[in-house]
Every structure is written in structure tokens, then in C-alpha cells.
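Throughout, a chain's letter reflects where its sequence line sits, starting with A, and its residues are numbered from 1. In what follows, every heavy atom counts, from backbone to side chain, and hydrogens, waters and symmetry copies are set aside.
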Protein chains: 2
Amino acid sequence: MPLGTDYAGQDCSVARALEVVGERWTLLIVRDLFYGIRRYNDLRKHIGLPPATLTDRLTSLIAHGVVARVAGEGARDEYELTPKGVSLWPVIYGLSQWGGANYVEDDKRMRYTHRSDGGLIRPDGICPGCGEIPEPTDIVIQKRSTADTDPISVALREPHRLLEPLRR
Amino acid sequence: MPLGTDYAGQDCSVARALEVVGERWTLLIVRDLFYGIRRYNDLRKHIGLPPATLTDRLTSLIAHGVVARVAGEGARDEYELTPKGVSLWPVIYGLSQWGGANYVEDDKRMRYTHRSDGGLIRPDGICPGCGEIPEPTDIVIQKRSTADTDPISVALREPHRLLEPLRR
DNA sequence: GTATGCGCTTCAATCATTGAACTTGCAAGC
DNA sequence: GCTTGCAAGTTCAATGATTGAAGCGCATAC
């Protein structure tokens with residue numbers, strides 16, 4: 001049976017969340033949408049998953065109200081996070097901090113800064129300057145690893161705000 | 001190829017994290033270990049997954065240093081989170097808040113309070129009384145849903161500290 | 001010594017995922 | 001108006017993981 005219909009705990013919030021975003025690839029898609037990647041082929045190339053799987057995951061995310069398909073510049077549709085999707089930010093950030101602390105060298109980790117005051121956001125999500133937890137739209141990211149050379153990874157080395165469409 | 005060996009982004013912290021904890025069931029096992037469930041059959045019954053899968057996931061978590069197998073009371077071994085596993089708490093809490101806010105009724109959500117001052121921990125993880133983000137060992141949980149009637153779910157309705165072994 | 005429960009392992013059947021190939025629809029170039 | 005090219009998928013057979021049922025060895029309880 002597919003994950004997405006059968007995690008046991010009916011009233012467990014963690015299980016309910018994982019029913020929606022717990023399948024393989026799903027959280028990487030959400031991550032990329034935070035990064036401003038919005039087009040089908042950009043997602044596919046950046047994440048490196050088979051098109052059938054990408055279509056399946058996007059369909060599921062749209063059905064659950066996490067992602068919306070919207071008209072983009074030009075005739076192409078794009079995918080973007082709904083407010084419900086944006087509220088997944090603490091989960092993505094938590095995974096990023098844990099994965100970074102344990103598996104990525106310091107100088108290759110993504111840098112997260114608070115747009116209003118330039119503060120380097122701490123692992124617990126708080127901006128040391130203002131003491132607040134910034135909203136995703138107030139967070140500026142910069143990819144510092146140079147391991148990947150595809151156009152999207154290269155574009156992510158420029159600082160830009162979360163959720164702001166990545167233009168190339 | 002198995003998830004656990006092949007998420008594309010080599011230097012992406014989120015992808016690296018999901019290589020370790022992104023497989024189906026894995027985060028539910030981690031959640032249960034935070035809840036104090038420590039024995040094989042308790043995990044199996046509470047989560048409702050096939051034994052072969054539970055063995056597989058535990059082996060993988062141990063190999064990655066997230067879980068340790070330790071001697072329990074009596075002759076039985078138990079499973080417990082390592083410090084690296086405990087540092088996954090923000091991820092579990094984030095999923096819990098998102099799943100709770102979107103899919104579980106108010107009065108059925110798990111209650112998280114700060115042990116030192118009794119404050120009801122906010123969705124962002126901060127205790128409103130002291131303004132701090134409590135460590136997992138300082139968090140008291142109480143399951144409020146009565147939907148499940150298995151012994152473990154019943155035991156979780158008593159307030160108890162995270163990571164404290166659940167005795168029946 | 002017999003039964004029960006725990007902590008697994010084994011196995012065939014099912015189900016999801018994969019990668020390659022193919023299709024469709026639009027848009028610009030010739 | 002024909003072709004070329006690309007974006008955005010769909011289709012399909014092969015592979016691989018997951019499932020549920022059954023079984024097994026050990027330990028304690030009766």
C-alpha cells in the first residue's frame with residue numbers, strides 16, 4: 001500500500017504529516033520550491049528523479065493543498081508552495097541543520113541570513129540580531145558548495161530570498 | 001536503488017539528512033523513541049509495521065549512529081536514541097506541529113509542556129514562560145487522543161518526559 | 001516439561017520505483 | 001506553412017522494496 005494512505009496513527013500528528021510529505025522525494029521537491037525552483041524540468045534536473053515519479057509527487061502535493069500550479073512568465077505553468085506548504089519551513093530547516101551538522105563540512109553548508117538585519121540565522125532558527133524567528137520570505141539563502149555545476153546549482157550561489165522565483 | 005544510498009544532492013544538507021531518516025517508517029521509529037518506547041515489539045505494535053521492515057530500519061539507524069542498542073531491565077535489550085538521534089527533535093516537533101495544525105483537531109493533539117515552569121510550548125518550540133527553547137529532556141508530553149486503545153497508547157496518556165523509558 | 005511471549009528471520013506475493021523511450025503542444029526560425 | 005527544438009509530460013517492462021503470514025530459538029512462568 002502506498003505511503004500516503006496508511007500510516008497507522010490516526011491521531012498522531014507526526015504520522016499525519018508524513019502521510020502527506022513522507023514519501024521519497026517529496027521533501028526535496030518542497031525544498032526546491034522554497035529555493036525558488038518552479039518549473040517541471042528544473043525540478044527534475046536538480047533533484048534527479050524520474051519524470052513519472054515527479055509527476056506523481058506533484059499531483060499528490062497539489063491534491064493535499066501543499067503546492068499550487070500557477071501561470072508563469074511566458075506560456076509555461078509553474079509550481080509554487082501554498083501557505084500550507086510554506087508553513088513546512090521549520091521541517092525543511094530542521095532537516096537542513098541536522099544534515100549539515102552531521103554530514104556536510106562547515107564551509108559547504110547553505111548560508112541563511114535575515115534579510116532585514118543581515119543576521120546569520122542560528123541552528124535553532126533564531127536571528128541573533130533581533131531575537132526573532134524570521135519568516136521564510138525574510139530569509140536570504142546562499143549556496144556555498146561548488147560541487148554541482150548544473151545551471152540551477154550555479155544560480156543558487158547568488159544570494160536570493162526564499163520563495164523568490166529563480167530566473168536564469 | 002534504496003533510499004539511503006542515492007539522494008542526488010551531494011552537498012545538500014536536506015538530502016543528506018533524508019538519506020538517513022527519509023525512508024518510510026524511520027521518523028515514526030524516532031518519534032516513538034522520543035516517547036520512551038524502547039522495545040522491539042512495542043515499536044512494532046505501536047507503529048504497525050512488518051517485523052522485517054522494523055529490523056531493517058533499526059539496523060540502518062544503528063549503522064548511522066542515530067540509535068543504540070543497549071541492555072534494558074531484565075534480559076531484554078532496548079533501543080535508545082544517541083545524542084545525534086536526540087538532535088533530531090526539531091524535525092519531529094516541526095512535523096508534529098504541521099500535522100497537528102492541518103490534520104488533527106485541537107483537543108486531540110499531543111500536549112507539550114516545559115518541565116521547569118509548566119509553560120505550554122508554542123508551535124515554534126519556544127516556552128512562553130521563560131522564552132527559551134527547551135531541551136527534549138525538559139519537555140513533558142501528554143497524549144490527549146483516546147482513539148487508540150492499545151496499552152502503549154494508553155500509557156502515553158499519562159504525562160511523562162521525553163526520552164524517559166515508558167514502563168508498564 | 002509444557003505453554004506463553006519476545007525478538008526476531010524467512011519467504012512468496014504484491015506494490016512502487018526506475019530509466020528509457022515515446023508523445024504532445026507550443027514557439028521561433030526559415 | 002514547414003520544420004526544428006524544447007518543455008512537459010506519459011507509457012512500459014524490469015527491477016527492487018514492502019508486505020503479511022508463518023516459523024524459529026530462547027527465556028521465563030506455570
Legend entry - Salt bridge present between Glu158(B) and Arg167(B) (N-O < 4.0 angstrom): no
Inset, instruction - On the 0 to 90° scale, with breaks at 30° and 60°, tag the Tyr112(B)-Tyr93(B) ring pair as parallel, tilted or perpendicular. - result: perpendicular
Inset, instruction - Round to a whole Å and report the spacing from CG of Asp56(B) to P of dT9(C). - result: 10 Å
Inset, instruction - Report yes or no: does Trp98(B) contribute a side-chain atom to a donor-acceptor pair with the main-chain N or O of Ser13(A) at less than 3.5 Å? - result: no
Legend entry - salt bridge (Lys or Arg N to Asp or Glu O under 4.0 Å) partners of residues 45-72 of chain B, not counting sequence neighbours, each pair once: Arg69(B)-Asp77(B)
Legend entry - Distance test, side-chain N/O of Trp25(B) to OP1/OP2 of dT19(D), below 4.0 Å: yes
Inset, instruction - Can you see which heavy atom on Pro136(A) is nearest to which on Leu162(A), and at what distance? - result: O-CB, 3.2 Å
Legend entry - Gln142(A) side chain vs Arg157(A) backbone, donor-acceptor pair below 3.5 Å: yes
Inset, instruction - Give the angle between the helix axes at the two ends of the helix from dG1(C)-dC30(D) to dC30(C)-dG1(D), taking five base pairs at each end and rounding to 10°. - result: 10°
Inset, instruction - Check Phe34(A) against Gly85(A) and note the closest heavy-atom contact, atom names and distance. - result: CZ-O, 3.7 Å
Legend entry - Nearest-angstrom distance from the residue atom CZ of Arg38(B) to C1' of dC6(C): 17 Å
Inset, instruction - Sugar-phosphate means primed atoms, P, OP1 and OP2; the rest is base. With that split, encode nucleotides 5-11 of chain D 5' to 3' as B, S or - using protein heavy atoms under 4.0 Å. - result: --SBBBB
Legend entry - Polar side-chain atom of Arg144(A) near backbone of Asp106(A) as donor-acceptor pair, under 3.5 Å: yes
Inset, instruction - Send over the distance from Ile37(B) CD1 to dG7(C) P, rounded to a whole Å. - result: 13 Å
Legend entry - Gap between atoms CD and P, on Glu23(A) and dA17(D) respectively (whole Å): 17 Å
Legend entry - Value in whole Å for how far the C1' atom of dG16(D) lies from CZ of Arg24(A): 11 Å
